[in-house]
Structure formats: C-alpha cells, structure tokens
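Following: one structure in structure tokens, then a few remarks.
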Amino acid sequence: MLEFIHIKPIYRAAKGDEHDMENHPYAPAEIEPYWQAEWREKEAFKVPNDIETLKTKPKFYVLGMFPYTSGAGLHVGHAKNYVPTDVFANFRRMQGYHVMHPMGWDAFGLPTERTAVRENEHPAHITKRNTETFQQQIQRIGFSYDWSRKIDTSVPEYYRWTQWIFLRLYEKGLAYLADVPVNWCPALGTVLSNEEVKDGKYVETGDPVERRLMRQWMLKITAYADQLLEDLDLLDWPEGLKEMQRHWIGKSEGADITFKIKDSDKAFTVFTTRPDTLFGATYCVLAPEHPLVSEITHPDAASAVGAYVKEAINKSDLQRTDLATEKTGVFTGASAINPCNNTPIPIWVADYVLMTYGTGAIMAVPGHDARDHEFASAFGIPILEVIKGGDQPIEEAPFEGDGVCVNSGFLNGLQVAEAKAKMIAWLEGEGKGSRQVQYRLRDWLFSRQRYWGEPFPLVHLEDGTIVQLLDEELPVELPPIDAYKPTEDGQPPLARAGSEWLNVTLPDGRAATRETNIMPQWAGSCWYYLRFLDAHNTEAPFDTELERYWMPVDSYMGGAEHAVLHLLYARFWHKVLYDCGLVSTREPFQGLLNQGTILAESYQDARGKYYYPNEAEQKGDKFVAKASGVPLQTQIEKMSKSRFNVINSDDVIDNYGADTLRLYLLFIGPVTASTPWQDAGVEGVYRFLQRVWRLVIDEDSGELGEKLTDAPGTTESELWRELHKTIKQVTEDTESIDKMNTAISQMMIFVNTATQTKTLPKEALKIFLHLLSPYAPHIAQELWHRLGETGFIAHAQWPTHDESVLTSATVTIIAQVNGKLRNRLQLPADATDKEIEEAALADERVQRFIEGKPVRKVIVVPNRLINIVV
RNA sequence: GGUCGAGUGGUGGAAUCGGUAGACACAACGGACUUAAAAUCCGUCGCCCGUAAAAAGGUGUGAGGGUUCAAGUCCCUCCUCGACCA
C-alpha cells in the first residue's frame with residue numbers, strides 16, 4: 001500500500017538452516033523482539049514505588065502527552081513524540097536518576113462515541129480494542145516505559161479519582177450551574193467549549209455550531225486567571241508557547257465607566273482599555289443580548305431593534321467581530337450622557353459588541369479604534385480627534401497609537417499613559433467609574449450531553465437542591481446503556497439510563513436523581529500525570545510523599561495543538577489541587593517542548609480527491625493516477641488519514657526494525673522542526689546500523705570481528721580522540737533534546753572512523769555502544785551482549801569525555817587577507833598572537849595577496865584565525 | 001489585519017559568542033568487486049570561469065541596503081511561506 005513496502009524486506013537469518021549458517025547480517029526482526037521480551041520479563045524499566053528506595057537517587061520525570069486512542073492506530077507522527085522522550089529517559093537513567101517514564105491512554109471522548117454510533121458497537125468495546133492495538137504498536141518500538149503504571153482514563157479505577165477531584169473543585173465553589181449562551185452542535189447533539197469551536201464549526205469534524213442559551217456546568221477557571229498568567233514566568237517553556245497562553249488569558253487593564261441614560265434613572269457600565277479617549281466617545285453600543293436593550297429602546301425604533309437582535313443572536317462570535325465583515329447596527333432612539341462632559345451621545349445596538357466580553361456595552365471612540373471608526377463612517381456618526389499623532393486626517397483613518405491628548409478638557413497635553421491614569425483617578429473621585437482588569441479567558445464549559453465520559457458525582461433533590469456524593473460513594477459508574485446516541489432535544493443519553501441508575505436514596509433517606517451530563521474529554525487528562533506516580537492506589541488519587549518526590553514533570557513533550565487547551569486546563573486543576581494542599585508544586589509541567597509534525601507527500605486530482613501513493617505514478621515530472629491517467633497534484637502536507645498519506649509505524653518496523661525507525665525520526669531534523677518523511681532517508685540510517693553491526697560482528701562467521709582487540713582504547717589515538725569528541729557531542733545534543741539529529745551525525749562520523757582503523761579496541765567500542773543505547777537500544781544491547789557483557793546496557797553508567805584527549809598539539813589557523821580565506825596554517829596550539837602573525841605573514845599564499853601593500857591592521861582570534869587588513 | 005517563527009545545494013538538514021558556509025545523510029554520477037545483478041567498498045558532487053586533468057581565481061545562505069577587520073548569524077526596508085490569534 002505504501003511506497004517503501006516495495007523495498008525488499010530485511011534479511012531474516014534462518015534459524016537452523018544449514019545453508020545459511022555462514023551468513024550473519026544485522027537482523028532486527030530477530031534481536032528486537034528478543035530483547036523486548038527480556039526487558040519485560042526482567043522488569044528492566046520498573047520504577048520502585050517505595051519512597052525510601054527512591055530517595056537514594058535524584059529523580060527525573062519525562063512525559064510524552066498520552067495518546068487519544070482513536071481507531072486509526074499509531075502512525076509515525078506519534079512516534080515523533082515518543083521517540084525523543086524515550087531517548088531522554090534512557091539518557092537520564094544512565095546518568096543515575098530514577099526516571100519516571102510512563103504511558104497510558106486518553107480513552108474517553110467524542111471520536112470513539114461517534115465510531116460507536118456509526119458501527120453500532122459499544123464505546124467500551126471499541127476503546128478496549130483500540131488501547132490494545134496502541135499498546136502493541138507502541139511496544140514494538142522498544143520504549144522503556146514502566147508498563148506497570150499504565151492507566152486508562154475510561155476505567156472506573158481511574159475516573160473514580162477524576163470525580164473525586166471534581167468534588168474538591170465543587171467544594172471550593174469552582175463548579176457552578178449557569179444559563180449560558182453555548183455552542184450547540186446539532187450534528188453532534190452536544191454543546192462544545194469555546195476552545196473546541198473555530199469559525200463557527202467544531203474543530204474536529206467541521207460540523208456547524210450555533211448559539212443557544214442552556215443550563216450548563218461551568219468551572220471557574222477565571223478565578224485563576226492571574227495565577228495562570230503570572231506563574232508562566234516560573235516555567236521553562238518555549239517563549240512562543242507562553243505567549244500563546246498569555247494571549248488566550250488576554251488580560252487587559254482599563255476602567256469601568258458608568259453612563260447614565262438621558263431622561264431616565266437607568267445607567268449602564270462599559271469596560272474600556274482607553275479611558276484616555278473618553279472625550280472622543282461619540283456614541284455607545286449595547287450588545288444585542290444586553291438586558292437594557294428592550295428597556296431603553298424608543299417605541300419608534302422598537303420593531304427595527306427587535307428584528308436586528310433576533311438576527312444577531314444566531315451569528316457566531318467570529319462572524320460578528322471579524323474586521324473584514326461590514327458593520328451592522330441599529331439606533332435605539334435613546335441617548336447616554338458622556339460622564340466627562342455631560343454631552344448626550346446616541347446609543348446603538350450592534351453585533352460587533354459581544355455580551356460575553358467585558359460588560360456587553362462599549363463607549364465608541366471612532367477617532368481611535370478601527371471598528372468604531374468603520375461603524376461611525378458607515379452610519380454618519382461624528383468622529384472626534386482626541387489624540388494627536390496620526391499621519392492622516394482623523395476622518396480618513398483612526399489613530400490607535402501613542403500621542404498627546406487634544407480636545408480633552410483636563411487631559412489636554414498629556415501622553416496616553418498619563419492621561420489613562422488621570423482619567424481613572426478623576427472617574428473614581430467623581431464616583432463615575434473605577435480601575436478594572438478584564439480577561440479574554442471565559443469560564444470553562446464543563447458539561448456535555450453525551451455518553452462516553454465521566455458522570456458527575458452529584459445528585460439533584462426534588463426541590464432543585466444539588467447534593468454532592470460522599471467520597472466513599474465513588475465511583476459513579478457509567479451505566480452500560482445501549483442507547484447512547486444523542487437526541488434531537490438535547491436530552492443527555494444518561495437520562496435514559498433507567499431508574500435503577502438514575503434514582504438514588506441518600507444516606508439520610510431523601511430521594512434524589514443523578515446528574516445526567518458527563519464531563520468533557522479534557523477532564524481525564526487534567527491530572528493523569530499525577531496518577532502515574534501511584535497508579536494502583538485505592539485509597540487516594542496518589543500518595544502525597546510520592547507526589548512530593550516526583551513532581552513536577554521535568555520534561556513534557558507534545559504537539560503544539562495542545563498549546564492552550566490541555567495545558568491551560570491541566571494547569572488550572574493543578575493550581576486548585578495546590579490550594580487544597582494535595583500537591584506540592586504550583587505548576588505541573590516545569591519543562592516543555594513541542595515536537596514538530598511529520599509531513600508527507602499527498603496526491604490529489606483536480607476535484608480534490610486524494611490518492612494513495614501507490615495509486616499514483618510518475619510521468620516525466622508530473623504525476624498521474626495509475627488507473628485513470630488523471631493528472632495529480634502533489635504537495636507536502638501534515639500526515640493524516642484523510643489525506644491518504646499516513647505512514648504506519650508497524651510497516652516501517654516490518655521493513656527495517658524499530659531501531660531504524662527511532663533513529664530516522666530523530667535524524668531527519670531537530671525534534672521541534674516539522675519535516676517531510678522520505679523513504680530514501682530511512683535507508684540511510686538502516687545502512688548506518690548495518691555498519692555498526694559489521695564493526696562488531698564478522699558477517700561470514702557470526703563471530704566477533706578479527707579487528708577487535710583487548711588492547712587499551714588509546715592504542716588507536718585517532719579513534720580515541722574521535723570517541724571522546726563523540727561522547728562530548730552526544731551528551732550535549734541529547735541534553736538539549738532538540739538537537740538529537742546532530743548527535744546521530746557525530747555517531748556516524750565515529751563509526752566511519754572506526755571502520756577505517758587497523759584495530760578496534762573493544763574498550764572504545766563498548767563506550768560507543770553506551771552512547772548509541774538510548775537511541776537504538778536493541779542493537780546496542782545485542783552487541784553489548786556479544787562483547788561478553790552481562791545485564792542491560794540501559795542500566796550502565798553514561799560515559800564522560802576527557803577534555804585532554806580532545807586537545808591536540810597543533811591547530812588549524814585560518815589565514816585571511818581582507819576577510820577572505822587565503823590559506824590554512826598548521827601551528828602549535830600554544831602559539832602566541834605574535835607567532836601566528838609571523839607565520840601568516842611568512843606564508844607564500846598570504847603574501848601573494850598582500851602584494852607589498854602596507855598592513856593596516858591584524859586581528860587574531862586565538863586557535864581560530866588571523867585576518868590581515870591591507 | 002495583528003503577533004510570533006522560518007527562508008542555506010537536486011533533497012532532509014549542519015554551522016557555539018559575528019570568525020573555514022554546505023557537517024552528517026539522501027539522490028545522482030564515476031570506479032572496484034561480480035559471469036551478471038544486488039549488497040559492499042573507494043571516489044566526485046553549490047554556481048561561474050578555467051584546465052587534457054589539476055591548480056589558481058571569482059561568486060554564493062529569499063531581495064535590497066547598513067554596521068564590522070569579518071555577516072547565514074546583528075540593524076533597517078521589502079518579498080515569500082508557516083503557526084497562532086482576530
């Protein structure tokens with residue numbers, strides 16, 4: 001099916017086949033399953049759970065974001081995430097750390113439920129099958145996970161504690177019911193969080209989403225907005241990612257200002273980040289949903305306003321606020337009084353103002369805000385200049401920059417920043433407004449009208465009171481109903497679970513009904529990194545002492561698509577747990593890296609239909625479909641099932657082995673870079689591993705190579721120097737995580753050098769195998785074993801380089817004339833600047849370019865170069 | 001529209017604090033080995049100009065300008081692509 005399958009399969013040494021006995025090539029299909037079984041049976045990577053044993057060594061927690069176990073199975077994109085984390089875990093283990101490196105399954109959620117509906121099979125069955133497939137596929141790659149800690153978010157042993165943590169949030173008043181405008185997806189029959197909706201569509205499926213007012217569970221993440229923002233400074237995350245979180249939280253400082261309505265005792269409050277421009281406010285706008293709209297609208301305008309509001313409410317936020325769309329609005333007939341100069345200004349209703357942001361009302365300053373300017377221009381509202389500094393007349397374009405206040409009474413002559421402070425002080429003094437901080441972050445919509453998720457540990461009494469269940473009553477198990485499909489009316493599937501599940505009698509005898517919503521997909525992943533620390537605890541989510549030892553996660557790696565959602569939600573829960581005294585760190589993930597995506601070539605015809613690579617055929621420099629001859633376009637895109645360009649990790653392992661897959665994924669580029677998959681490149685690293693094999697094993701005899709000696713490593717001084725260079729570079733590059741590609745380059749250079757030496761000291765070879773082991777653990781272990789060592793090389797001590805081996809007696813000095821390279825000089829390493837200068841001036845090639853011209857300046861960079869300026 | 005990031009050979013990518021551009025691979029080409037092929041080993045490999053072949057030289061990191069003894073790297077302007085946000 002895929003291109004590389006055409007390449008001949010790896011040679012499998014035929015066991016017991018007399019004719020083939022003389023041939024002993026590198027055979028990953030033999031050695032990899034063998035050592036994987038050994039690691040499993042001897043529990044090579046099991047981490048002790050006993051705190052006293054743990055305390056004998058420092059800890060390191062390496063975590064790759066656990067996968068959502070969809071039916072598509074594992075592809076090389078997943079491996080691009082897990083290979084670098086595994087290399088790093090191996091590296092730290094060899095450096096003498098207790099390494100936490102676990103794996104588990106994010107198993108609740110919509111995609112599985114959709115498959116269940118489509119294939120008419122229970123989500124629990126599908127999940128079981130999917131997780132088994134994932135585990136099998138992941139295990140073939142030879143990762144050093146402690147499998148005894150495996151978790152599955154969809155089993156009661158796990159979600160019992162998700163419910164338990166929810167109760168802690170509930171007790172703290174952080175979970176509440178509210179009638180909120182929600183993103184209702186008719187196709188899915190559920191509400192979605194803001195984060196799951198983009199451009200009016202569900203991000204996963206593209207199904208349209210509409211606005212509805214519904215009673216929902218909310219989590220008060222906004223209560224932690226400031227902490228979530230400030231504590232970003234404590235983290236070793238990529239700056240860009242922190243910036244995205246900051247932006248998502250969207251803190252803006254400004255003022256609430258109260259506007260009285262003319263000829264009325266009513267008033268409304270606006271939030272603005274530009275109180276300095278209050279003198280320039282020439283109208284106000286209420287959001288269509290604003291409660292005051294119906295009260296203040298003049299009877300003459302009532303029908304127009306009513307119609308406008310009705311239409312606006314169904315639009316998405318994006319449609320409403322997009323700068324590119326034409327502004328619409330309608331005048332209410334009422335006026336507000338500008339509090340700074342008592343001028344009446346008209347009140348409009350317009351959908352570019354959102355009820356969910358700020359107060360749902362704005363003061364409009366068309367002179368200094370792009371949207372207001374556009375709106376005022378369209379409706380002929382006056383535009384006033386109150387900040388001087390634009391290079392176009394204020395009627396032509398708004399000026400949003402910094403400048404000096406004009407036409408602004410007591411603010412005239414002040415800079416924007418001073419004017420803001422003075423205006424806020426004035427408003428506060430007059431009782432007309434106050435300093436205010438506003439966030440873009442909204443509370444988290446936490447309930448779903450679906451089946452495949454955690455039930456809430458809450459019950460409703462007849463009088464409407466909500467009662468939380470006792471910790472001992474957990475878990476509230478998901479009832480095994482068959483009718484889990486969504487209904488038209490938004491009634492959750494759990495409402496059909498039957499009275500046995502629905503009806504509860506409380507310990508005090510009162511009758512109650514269970515909450516029938518479920519938690520969203522993100523719930524389980526909000527705390528899974530804590531459960532790994534104590535995965536089988538039946539008394540608590542995790543042991544406090546173990547938590548104190550292991551947390552925080554030192555190195556977390558995952559896709560950039562989780563830069564805001566998962567990472568923000570998990571940080572929020574963690575902070576709540578911290579405030580409950582349940583965890584010891586303010587932040588869960590100290591270090592974090594986003595691995596790049598794997599791209600692959602895809603083939604598409606003019607109609608947009610995708611073709612598998614083997615359905616395409618090259619004709620000249622164009623591609624056509626084999627069957628129909630239709631011309632095809634090729635492009636490098638992100639790997640995905642729908643683009644027919646997925647490379648399955650199993651196929652690569654079948655053809656080349658897991659070590660090749662691991663090495664290739666790292667060799668194609670930096671871990672954080674997105675790079676295209678190239679079948680030919682896989683061959684390259686496969687050849688490298690074969691060279692490593694032949695370095696140790698004589699393919700004809702199957703014995704150790706004749707070149708190998710027991711002599712000290714230093715007998716081959718060139719090799720010995722290259723080895724120490726390799727130790728140094730592999731150590732540094734592995735430490736960086738991102739530059740594992742150049743670590744592999746250096747190992748290749750070492751192997752090329754070693755192939756050319758007359759003898760090969762086993763000592764040097766064994767040291768090299770240590771370096772290779774985190775990257776290609778199977779071949780390293782096998783050769784380690786063949787060299788007569790017992791035990792696992794994965795448990796051996798990481799080597800350190802000797803700087804004195806690296807320094808040589810002579811160095812190459814670059815001789816430049818006027819900045820251009822003219823010759824390379826071999827000089828003693830300890831040559832003085834003067835000696836270097838003399839040597840350079842004496843050099844024939846250098847002299848040719850000086851041509852007797854006077855030397856104006858000489859720059860010497862020690863051990864590097866000399867530049868003679870003439 | 002905004003913010004951030006990135007543009008280096010035929011390809012993936014190296015290049016520390018500004019100090020040898022193109023490491024390591026892939027592909028291609030040439031050679032050795034072979035009855036032959038595969039595999040393996042050796043060699044060439046930015047462009048231009050040169051040459052029997054070399055040597056020597058020029059030029060070159062998206063475009064243009066600047067700073068510097070020295071720029072892929074720093075600064076300014078622009079172009080293109082990507083990510084995120086609106």
Side-chain angles (χ1 to χ4, degrees), chain A residues 7-8 11 23 25-26 195 198-199 238-250 316-325 352 354 357 370-371 374 400 440 559-561 563-564 594 596-599 601 621 636-638 663-670 672-688 690-691 694 699 726 728-729 732-733 736 739 741-752 755-756 811-825 844-845 848-849 855-870:
Chain A
I7 297 161
K8 52 177 191 336
Y11 183 79
N23 216 343
Y26 170 49
E195 290 81 354
K198 201 182 166 184
D199 298 348
E239 205 41 52
L241 200 140
K242 288 191 194 181
E243 214 32 66
M244 278 164 64
Q245 290 229 341
R246 283 190 193 107
H247 193 258
W248 191 266
I249 296 165
S316 73
D317 286 2
L318 184 94
Q319 282 175 308
R320 288 171 53 168
T321 55
D322 193 342
L323 273 171
T325 58
Y352 78 97
L354 302 177
Y357 182 78
R371 285 174 200 176
E374 198 190 326
E400 296 179 299
R440 206 184 79 97
E561 66 273 20
V564 273
N594 290 130
T597 49
I598 296 274
L599 313 170
E601 193 141 33
D621 54 355
I636 303 282
E637 292 187 280
K638 190 175 170 175
L663 228 42
Y664 176 66
L665 282 169
L666 295 169
F667 187 62
I668 43 173
T672 55
S674 295
T675 35
W677 179 274
Q678 294 177 322
D679 294 336
V682 182
E683 288 278 339
V685 289
Y686 182 49
R687 284 205 279 262
F688 164 66
Q690 289 175 304
R691 278 203 299 279
R694 287 194 299 266
E699 283 187 308
T726 306
K728 185 175 187 214
Q729 189 168 340
E732 287 171 4
D733 290 349
S736 80
K739 290 166 57 165
N741 57 333
T742 48
I744 295 168
S745 299
Q746 183 56 44
M747 287 193 269
M748 287 173 168
I749 293 171
F750 174 80
V751 169
N752 292 344
T755 306
Q756 281 155 10
V811 289
T812 306
I813 302 283
I814 302 306
Q816 295 180 333
V817 178
N818 286 342
K820 284 197 161 64
L821 172 71
R822 294 307 175 192
N823 208 353
R824 298 178 166 84
L825 309 173
E844 186 214 334
R845 301 251 292 266
R848 226 163 63 212
F849 286 90
V855 174
R856 285 195 11 234
K857 201 169 177 184
V858 175
I859 288 115
V860 177
V861 182
N863 289 332
R864 255 180 202 281
L865 61 71
I866 174 164
N867 188 11
I868 298 164
V869 186
V870 296

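Given the structure is predicted, the values throughout are model-derived calculations rather than measurements. Proteins get letters first, then strands, A, B, ... in listed order; numbering begins at 1 in each.
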Is the phosphate of B/U20, meaning OP1 or OP2, less than 4.0 Å from a side-chain N or O of A/Arg822? no
Distance between C1' atoms of B/U59 and B/C49 (Å, rounded): 10 Å
Looking for any heavy atom pair under 4.0 Å, which part of the strands does A/Arg246 touch: base, sugar-phosphate only, or nothing? nothing
Nearest-nucleotide comparison on RNA chain B, the residue closer to the 5′ end among A/Lys739 and A/Leu865: A/Lys739
Which of parallel (below 30°), tilted (30 to 60°) and perpendicular (above 60°) describes A/Tyr664 and A/Trp677? perpendicular
B/A38 phosphate, OP1 or OP2, under 4.0 Å from A/Arg687 side-chain N/O: no
Across the strands shown, which category fits A/Val869 at heavy-atom distances under 4.0 angstrom: base, sugar-phosphate, nothing? sugar-phosphate
Given the rule in the side chain to side chain contact (heavy atoms under 4.5 Å, CB included) test, do A/Leu666 and A/Asn741 qualify, once you have shown the distances and angles that lead to the verdict? CA-CA 5 Å; A/Leu666 295 169; A/Asn741 57 333; 5.9 Å; no
Considering just the side-chain nitrogens and oxygens of A/Asn818, establish if one lies under 4.0 Å of OP1 or OP2 belonging to B/C69. no
Flag the pair A/Ile598 / A/Leu665 as yes when at least one side-chain heavy-atom distance between them is below 4.5 Å, and no otherwise. yes
Does B/A83 have its OP1 or OP2 closer than 4.0 Å to a side-chain nitrogen or oxygen of A/Asn594? no
With heavy atoms under 4.0 Å as the rule, sort A/Ile749 into base, sugar-phosphate or nothing. sugar-phosphate
Closest non-hydrogen atoms of A/Leu821 and A/Ile814, given as atom of the first, atom of the second and distance, are CD1-CG2, 3.1 Å
Side-chain N or O of A/Gln756 closer than 4.0 Å to phosphate OP1/OP2 of B/C42: yes
